[in-house]
Amino acid sequence: MSDKISIKVGDSSLTVDRGSRPSDLAVRLGEAGPFVAARVNGRLQDLSAPIEEDAEVALVGPRDTEALDILRHSAAHLLAHAVLDLYPGTQTGIGPAVETGFYYDFLREDPFTPEDLEAIEKRMKDVVRENASVERLVLEKGKAVEFFAEKGQELKVELVREKGDAAVSIYRQGPFADFCLGPHVPSTGVLANVKLLSVSGAYWKGDERGRQLQRIYGAVFATKKELEDHLVMLEEAKKRDHRKLGPELELFGTSDDLGGGLILWHPKGSRVRAVIEQHWRERHWAGGYEVLYTPHIGRETLWQTSGHLGFYKDSMYAPMEIDGQNYYLKPMNCPFHIQIYKAKVHSYRDLPLRWAELGTVYRYERSGTLHGLLRVRGFTQDDAHIICTPAQIDDEILRVLDFSISILADFGFTDNKIELSVRDPKNLEKYCGADDRWCQAEASLVKALEARGLAYERMEGEAVFYGPKIDIKVKDAIGRLWQCTTIQFDFNMSERFDMTYVGEDGKEHRPYMVHRALLGSLERFFGILVEHYKGSFPLWLAPVQVAVLPIAERHEAYALSLVKTMTDNGLRSEADISREKVGKKIRQAELAKVPLILVVGDKEVERGTAALRVHGQGDKGEVEVAAFLAKAKEFHQNKNLKVDF
RNA sequence: GCCAGCGUAGCUCAGUCGGUAGAGCAGCUGAUUCGUAAUCAGCAGGUCGGAGGUUCGAUCCCUCUCGCUGGCUCCA
């Protein structure tokens, strides 16, 4: 075996000693760097890792996209380095890169305070300036255990014992050493643009019964600008926060006296909700659905049959006793729809049935999980159940998929991420329902996605126990994903309630049942809408669509007549007849994010016109009332997301 | 539920090293009748989240409790 190997870096080819390191290549090629890692024959590795065979090598700079995870992971190590410098005796848990940055978990008696975070960040920056080197060593497993035991790092000892191979790689910098595969940056100098963001609790190995650790979160980027942009984005997200905008725009509220996780829809929010519901109903009727109503409570026996009392009881509220019988608040609508199904004998000729309901359900959520409109204890699901024969299932799935995507688009969500959740192939016994049914169900989900050419991610093992499903997540204005639609097969309920239909053969058959929530819940969807539009709803959804602002008292009658004209034409309109100057009225209408503003004074009264202002676009000048009305009506009725006058 | 932080007027916030609180906006009243993002003046508004304790005295210190925030866990 030759002790030379040939290396290709970009356009250059060179022959080097076997065992040369990527960092040597950089020197040899006169590449300035800095570099954070190297891609050797497609695999990311340390700059200091020897190359043992002919290879194609790419040096990875901090600004390369594939560097970001390395920067994050290394920044997590830097964080631990600083923490151990400042708080010796702290035990380190795990510290990975995550989607938005990195974190590290620590075990320590005293809580980290915000001041501690500042001190830690400062120490991190010192270490960056020192450009401390990061060293990799490989120890035999037993030695690695000893190594961490000597340092008093019991958590690491546990990890090495559980996960370590025969040879364990360890990264070391300052007082900190980690059991870690890498790769890592060669030294800390490239981690200058780092910021610690928050501290929170976390469980050791994610186990609720396990030890409680303290987790410090941070973000890191290759350039200062990217870090600043990220911080601006966090600020931007805060400005869109529906929990702030909701009460500000008088859309909804909560009340301590009412209780956590319960939402009060204020008049303006209720208006928007009513518009959403009406649109939803009309689309469902047009789409071949019946819209049902069912009660909020049901007898214990119903929940026993459905199985909820068996496996879902912890999420249900305590029963109330009525005439010696226990009744439960509903956590789901399906048993009620099934009762309607079972009210008569169904023929295959009746199917498919598509039954939808805006059904308000109540679920116990642990106090710490409640979050604005997004996680609540009482909410209205836009639920539907499709009951059909095996022969109909492909058509029905395609139909519900198209329907869902189309309705999401009505609200401005056209950029979606789709996930197909299927069984865990290694654990088939934990699922209910016959194997051939699972196969057919999965096949029809895939067929529908492929028929429409939709990209999707296959989530192995993510199916719920009763059937495979498709989830649709929508992307909002600042790129965040929100789960809305879920289309799930249910092989459980139809069995438990012994749902049947009479087939052509005169025999009883088991229908397919598909659950579907499209918007998800009205509360949650409304929260997502508020964040997506930053409170500035498109015209057709806006609680007030046209504000009419008289300049002086003598213009009020005219303003009110315009409001009546708008209202008579189906537009939601209000006049501001406060004794304020027009500048103030405009400011208030703009702050309320009213899409269209009509200012009227002497000139407009005299000519029977109005001065138009479009939210976010400013003064558009004088308009004829009839022409304005025609356009506004058109935008409203067509549900345009943007208006153009 | 767990860890940490927070809770002062409707909102945003100041303040009190323990002697029962203050501003701006919003509200009300009055004046102003005004041309594209805040007219002026006056008034009113708080058992300082709730309960208990320590103290001559608690909004401030302690305990419990409720709620909110960031996460964790959970979300068949």
Side-chain angles (χ1 to χ4, degrees), chain A residues 98 103 105-108 110-117 197-217 234 238 241 243-244 247-248 250 253-262 306-308 310-316 331-332 334 363-372 374-377 430-432 463-467 469 483 486 488 490 492-493 515 524 549-556 578-592 597-604 611-622:
Chain A
V98 290
Y103 67 79
D105 286 346
F106 300 99
L107 180 60
R108 173 175 178 250
D110 299 325
F112 288 114
T113 63
E115 294 73 44
D116 291 338
L117 280 201
L197 294 171
S198 63
V199 58
S200 70
Y203 299 105
W204 174 234
K205 293 181 189 161
D207 182 352
E208 216 179 330
R209 294 153 305 186
R211 274 167 288 188
Q212 181 88 39
L213 309 179
Q214 297 185 67
R215 175 169 299 177
I216 298 177
Y217 281 89
L234 291 179
K238 250 189 223 167
D241 194 328
R243 294 168 302 179
K244 181 176 156 58
E248 244 172 52
E250 302 178 336
T254 53
S255 150
D256 287 5
D257 288 339
L258 219 202
L262 300 170
S306 70
H308 286 91
F311 49 70
Y312 199 68
K313 195 165 194 233
D314 288 349
S315 298
M316 292 170 69
M332 292 186 195
C334 18
R363 298 178 183 177
Y364 171 72
E365 300 282 0
R366 299 206 280 180
S367 59
T369 64
L370 300 176
H371 182 93
L374 303 182
R375 193 77 181 269
V376 291
R377 286 177 170 164
K430 76 172 189 181
Y431 300 95
C432 82
V464 282
F465 77 84
Y466 51 76
K469 62 171 180 172
Q483 153 112 43
T486 183
Q488 317 186 333
D490 189 334
N492 186 44
M493 287 290 159
H515 297 271
R524 183 180 155 79
L549 313 182
I551 286 172
E553 207 168 345
R554 63 180 178 280
H555 312 124
E556 281 179 17
S578 61
R579 292 293 116 82
E580 294 290 349
K581 293 167 75 167
V582 73
K584 175 76 169 280
K585 294 182 183 181
I586 286 169
R587 176 178 161 79
Q588 270 171 345
E590 292 284 359
L591 289 175
I597 298 169
L598 298 176
V599 178
V600 294
D602 287 335
K603 202 167 70 178
E604 288 77 16
L612 172 65
R613 229 188 124 91
V614 179
H615 177 62
Q617 298 177 34
D619 194 355
K620 304 292 251 189
E622 195 173 3

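In what follows, chains are A, B, ... by sequence order, proteins preceding strands, each numbered from 1.
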Enquirer: Applying a 4.0 Å non-hydrogen cut-off, can you work out what A:M316 is touching in the nucleic acid: base, sugar-phosphate, or nothing?
Expert: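 No contact.
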
Enquirer: Contact class for A:A589 vs. all strands (heavy atom < 4.0 Å): base, sugar-phosphate, or nothing?
Expert: nothing

Enquirer: Taking the side chain as every heavy atom from C-beta outward, state whether A:L598 and A:L612 have any pair of such atoms under 4.5 Å apart.
Expert: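 Answer yes - side chains close enough.
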
Enquirer: Would you confirm whether A:D116, through its side chain, and A:T113, through its main-chain N or O, come within 3.5 Å as a donor-acceptor pair?
Expert: yes

Enquirer: Rounding to the closest angstrom, what is the interatomic distance between B:rA44 and B:rU29 at atom C1'?
Expert: 10 Å

Enquirer: Could you check whether A:G206 gets within reach of a base, just the sugar-phosphate, or nothing at all, counting any heavy atom under 4.0 Å?
Expert: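 Here A:G206 touches the backbone only, sparing every base.
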
Enquirer: On RNA chain B, compare the nucleotides closest to A:Y217 and A:S315; which residue's is nearer the 5' end?
Expert: A:Y217

Enquirer: My understanding is that a pair needs two contacts under 3.5 Å, Watson-Crick or G-U wobble. By that rule, which nucleotide pairs with B:rU39?
Expert: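 B:rU39 is paired, partner B:rA31.
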
Enquirer: Just call it for A:D602: base, sugar-phosphate, or nothing, with non-hydrogen atoms closer than 4.0 Å on any strand.
Expert: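 If one applies the 4.0 Å heavy-atom cut-off, A:D602 turns out to touch a base.
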
Enquirer: Classify A:R363 by what it touches in the nucleic acid, base, sugar-phosphate, or nothing, heavy-atom distance under 4.0 Å.
Expert: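 Answer is nothing: A:R363 stays at 4.0 Å or more from every strand.
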
Enquirer: With rounding to whole Å, what would you report as the distance between B:rC48 and B:rU33 at their C1' atoms?
Expert: 42 Å

Enquirer: C1' atom, B:rG57 versus B:rU16: distance in rounded Å?
Expert: 14 Å

Enquirer: Which part of the nucleic acid, if any, lies within reach of A:R554 when heavy atoms closer than 4.0 Å are counted: base, sugar-phosphate only, or nothing?
Expert: sugar-phosphate

Enquirer: Quick one: sort the A:H308 and A:Y312 rings into parallel, tilted or perpendicular, breaks at 30° and 60°.
Expert: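 Taking A:Y312 first and then A:H308, their aromatic rings stand perpendicular (interplane angle over 60°).
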
Enquirer: Taking for each residue the nucleotide of RNA chain B with the nearest heavy atom, is it A:T113 or A:G583 whose nucleotide lies nearer the 5' end?
Expert: A:T113

Enquirer: In whole Å, measure the gap between the P atoms of B:rU12 and B:rC68 for me.
Expert: 15 Å

Enquirer: Would you find a donor on one side and an acceptor on the other, under 3.5 Å apart, between the side chain of A:Q588 and the backbone of A:K585?
Expert: no

Enquirer: Partner of B:rC61 by Watson-Crick or G-U wobble geometry, both contacts under 3.5 Å, or none?
Expert: B:rG53

Enquirer: Distance check, P atoms only: B:rC56 and B:rA51, in whole angstrom units.
Expert: 22 Å

Enquirer: What orientation do A:Y103 and A:Y217 show, parallel under 30°, tilted 30 to 60°, or perpendicular over 60°?
Expert: tilted

Enquirer: Less than 4.0 Å between a side-chain N and a carboxylate O, is that true for A:D241 and A:R243?
Expert: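 Result for this pair is yes, salt bridge flagged.
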
Enquirer: Give one of base, sugar-phosphate or nothing for A:L591, where a contact means two heavy atoms less than 4.0 Å apart.
Expert: base

Enquirer: Taking all non-hydrogen atoms of both residues into account, name the closest pair between A:G201 and A:Q212 and its distance.
Expert: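 It is CA-NE2, 3.5 Å.
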
Enquirer: Suppose we define a pair by two distances each less than 3.5 Å, Watson-Crick or G-U wobble; what does B:rC2 pair with here?
Expert: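 Pairing partner, where one exists within any strand: B:rG71.
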
Enquirer: Hunt down the Watson-Crick or G-U wobble partner of B:rA23, both distances under 3.5 Å, from any strand shown, or write none.
Expert: B:rU12

Enquirer: Distance check, C1' atoms only: B:rG53 and B:rA58, in whole angstrom units.
Expert: 11 Å

Enquirer: Distance between the C1' atoms of B:rA14 and B:rA21, in whole angstroms?
Expert: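 Here B:rA14 and B:rA21 have their C1' atoms 11 Å from each other.
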
Enquirer: Could you give the start and end, 5' to 3', of the contact zone on RNA chain B for chain A, using atoms under 4.0 Å from its heavy atoms?
Expert: B:rG1 to B:rA76

Enquirer: Look only at the side chain of A:R377 and the backbone of A:L262, and say whether a donor-acceptor pair between them is shorter than 3.5 Å.
Expert: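 No, the answer is negative, given that no donor and acceptor are paired below the 3.5 Å cut-off.
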
Enquirer: Can you tell me the Watson-Crick or wobble partner of B:rC17, both distances under 3.5 angstrom?
Expert: none

Enquirer: Contact class for A:E556 vs. all strands (heavy atom < 4.0 Å): base, sugar-phosphate, or nothing?
Expert: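 Nothing, no heavy atom under 4.0 Å.
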
Enquirer: Contact class for A:S198 vs. all strands (heavy atom < 4.0 Å): base, sugar-phosphate, or nothing?
Expert: sugar-phosphate

Enquirer: Under 4.0 Å between any heavy atoms, over every strand shown, what does A:E248 touch: base, sugar-phosphate, or nothing? Just pick one.
Expert: nothing

Enquirer: Hey, does A:H555 reach any base, or is it just sugar-phosphate, or nothing, if we go heavy atoms under 4.0 Å?
Expert: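 Result for A:H555 = nothing.
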
Enquirer: Scan A:K581 against the nucleic acid and name what it touches under 4.0 Å (heavy atoms): base, sugar-phosphate only, or nothing.
Expert: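 A:K581: base contact, heavy atoms under 4.0 Å.
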
Enquirer: Reckon A:A552 touches a base, only the sugar-phosphate, or nothing at all at heavy-atom distances under 4.0 Å?
Expert: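 Base: the residue A:A552, judged by heavy atoms under 4.0 Å, touches a nucleobase.
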
Enquirer: Taking B:rG10 as the reference, what is the distance to B:rG71 when you measure between their C1' atoms (whole Å, please)?
Expert: 30 Å

Enquirer: Once you round to the nearest 0.5 Å, how far does CZ of A:R375 lie from CD of A:E365?
Expert: 4.0 Å

Enquirer: Heavy atoms only, 4.0 Å cut-off, all strands: where does A:R215 land among base, sugar-phosphate and nothing?
Expert: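 Sugar-phosphate contact only - A:R215 comes under 4.0 Å of backbone atoms but never of a base.
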
